[in-house]
Amino acid sequence: MSEKIVDRRAVLLAAGLVAGGVLLDGGPARGLARPSARRPATPDEAWAKLREGNRRWAADASTHPHQDLGRRAEAARKQEPYAVVVSCIDSRVPPEIVFDVGIGDILTVRSAAQTIDPLVAGAVEYGPAELDTPLIMVLGHQRCGAVTAAAHALKKGAKLPGHLQRIVDDLRPAYERARGDVDRMIRINTTMVVADLKAGELLAPRVARRKLKIVGGYYSLDTGKVTRLV
């Protein structure tokens, strides 16, 4: 480091122009973590935080919080995510972007049409059980390819190759309740996954004590907005 850089920083410190790791000329002081906002502690606070971020995304006003070197250093020591988002693998629905969040804010668990098997359920349970995460959001979405393919296969009586048939089998109850309507099927499947998680042996007691909420939402590809379903 040159003497000029050292001298400049010493002058700024003496003048009170460096505080909290931020230089008043607009840049973060390198290597210093900036203080983070308080983690949402309740399910309702967590949902409000997600909803706020989604509104920014939908309005093309994302702020991309917690995506700098300071946050990376902070999260490397400890993670305190305030929500688990269970969503589809669809490339158009990345939860961190949809909810305008950053490193350490949410846990994401993704499967085709957010279907749940024991391994996926275990991943979802990790947040509340080990990190005291207060919210689980199950997120279905408009024009879901997995649901559309399953509905087509069920209508034609076709069997899909490999493990794809397991997705079809998991979506059959939603298909029957929706009478083949794909958009209704997406919404019904989302609410059914919420109900299954709420009934889980590990999560049900936390829900009963109001330490955890499990909610369902529907993401519009057209508008970018998430609508609460349950």
Side-chain angles (χ1 to χ4, degrees), residues 36-37 39-58 62-68 71-72 74-147 167 170 186-187 189-194 196-198 200 202-203 206-207 212-221 224-230:
S36 60
R39 175 207 192 201
T42 68
D44 289 341
E45 287 179 353
W47 164 239
K49 190 78 170 175
L50 289 183
R51 183 176 56 193
E52 177 186 333
N54 175 247
R55 286 174 176 172
R56 292 195 303 270
W57 159 249
S62 297
T63 60
H64 311 291
H66 293 164
Q67 295 181 25
D68 58 12
R71 178 61 168 187
R72 187 177 74 187
E74 179 185 34
R77 295 188 295 271
K78 183 181 182 181
Q79 65 166 329
E80 294 183 312
Y82 56 83
V84 180
V85 178
V86 186
S87 71
C88 184
I89 60 171
D90 195 294
S91 63
R92 300 165 293 179
V93 195
E96 288 86 353
I97 294 177
V98 166
F99 291 110
D100 192 25
V101 297
I103 294 172
D105 289 328
I106 64 174
L107 299 168
T108 58
V109 180
R110 305 182 68 175
S111 66
Q114 64 277 355
T115 48
I116 300 289
D117 67 11
L119 285 175
V120 174
V124 176
E125 291 168 348
Y126 176 80
E130 298 296 327
L131 301 174
D132 207 27
T133 306
L135 180 72
I136 296 172
M137 155 63 74
V138 180
L139 187 63
H141 71 93
Q142 184 182 27
R143 293 193 288 273
C144 178
V147 173
I167 300 170
D170 281 349
I186 292 165
R187 296 168 186 268
N189 177 60
T190 300
T191 60
M192 291 177 71
V193 172
V194 170
D196 286 346
L197 290 172
K198 283 183 176 179
L202 193 59
L203 300 181
R206 301 182 76 87
V207 173
L212 172 69
K213 273 190 178 180
I214 305 175
V215 302
Y218 177 90
Y219 176 69
S220 168
L221 296 177
K225 292 181 180 178
V226 173
T227 304
R228 176 94 169 258
L229 294 178
V230 57

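Residue numbers count from 1 along this sequence. Source: prediction; values computed, not measured.
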### Task
Could you walk me through whether Asp132 and Arg206 pass side chain to side chain contact (heavy atoms under 4.5 Å, CB included), step by step?
CA-CA 10 Å; Asp132 207 27; Arg206 301 182 76 87; 2.4 Å; yes
So, taking the atom named [atom1] in [X] and the one named [atom2] in [Y], what distance separates them when rounded to the nearest 0.5 Å?
X      : Y      : atom1 : atom2 : result
His64  : Trp57  : NE2   : CH2   : 8.5 Å
Lys213 : Lys198 : NZ    : NZ    : 9.0 Å
Thr190 : Tyr218 : OG1   : OH    : 9.0 Å
Cys144 : Arg92  : SG    : CZ    : 8.5 Å
Asp44  : Leu135 : CG    : CG    : 9.0 Å

May I ask you to test the [X]-[Y] pair for a side-chain heavy-atom distance under 4.5 Å?
X      : Y      : result
Ile106 : Thr133 : no
Cys88  : His141 : yes
Ile103 : Asp68  : no
Asp117 : Thr115 : no
Arg187 : Leu229 : yes
Val226 : Val98  : yes
Lys49  : Phe99  : no
Leu212 : Leu203 : yes

### Query
Could you walk me through whether Val85 and Arg110 pass the side chain to side chain contact (heavy atoms under 4.5 Å, CB included) check?
CA-CA 8 Å; Val85 178; Arg110 305 182 68 175; over 6 Å; no
### Message
When you measure from the side chain of Glu45 to the backbone of Ala41, do you find a donor-acceptor pair of N or O atoms at a distance under 3.5 Å?
### Response
yes
### Task
Look only at the side chain of Asp100 and the backbone of Arg56, and say whether a donor-acceptor pair between them is shorter than 3.5 Å.
no
### Task
Answer yes or no on whether Arg39 is positioned over the face of Tyr82, meaning its NZ or CZ is under 6.0 Å from the six-membered ring centre and within 45° of the axis.
no
Minimum heavy-atom separation for [X] and [Y], please, with both atom names.
X      : Y      : answer
Val147 : Ala113 : CG2-CB, 3.7 Å
Met137 : Trp47  : CE-CZ3, 3.1 Å
Thr42  : Pro134 : C-CB, 3.8 Å
Gly127 : Val84  : CA-CG2, 4.1 Å

#### Entry: Non-neighbouring partners of Asp196 that pass salt bridge (charged side-chain N to carboxylate O under 4.0 Å, His left out), sequence neighbours left out
none
### Query
Mind checking what makes salt bridge (charged side-chain N to carboxylate O under 4.0 Å, His left out) contact with Arg72, not counting sequence neighbours?
none
### Query
Does the side chain to side chain contact (heavy atoms under 4.5 Å, CB included) test come out yes or no for Val230 and Val215, once each step is laid out?
CA-CA 5 Å; Val230 57; Val215 302; 5.8 Å; no
### Message
Salt bridge check, Asp105 against Arg71: does any charged N sit closer than 4.0 Å to a carboxylate O?
### Response
yes
### Task
Determine, stepwise, if the pair Gln114 / Ser87 fulfils side chain to side chain contact (heavy atoms under 4.5 Å, CB included).
CA-CA 5 Å; Gln114 64 277 355; Ser87 71; 5.6 Å; no
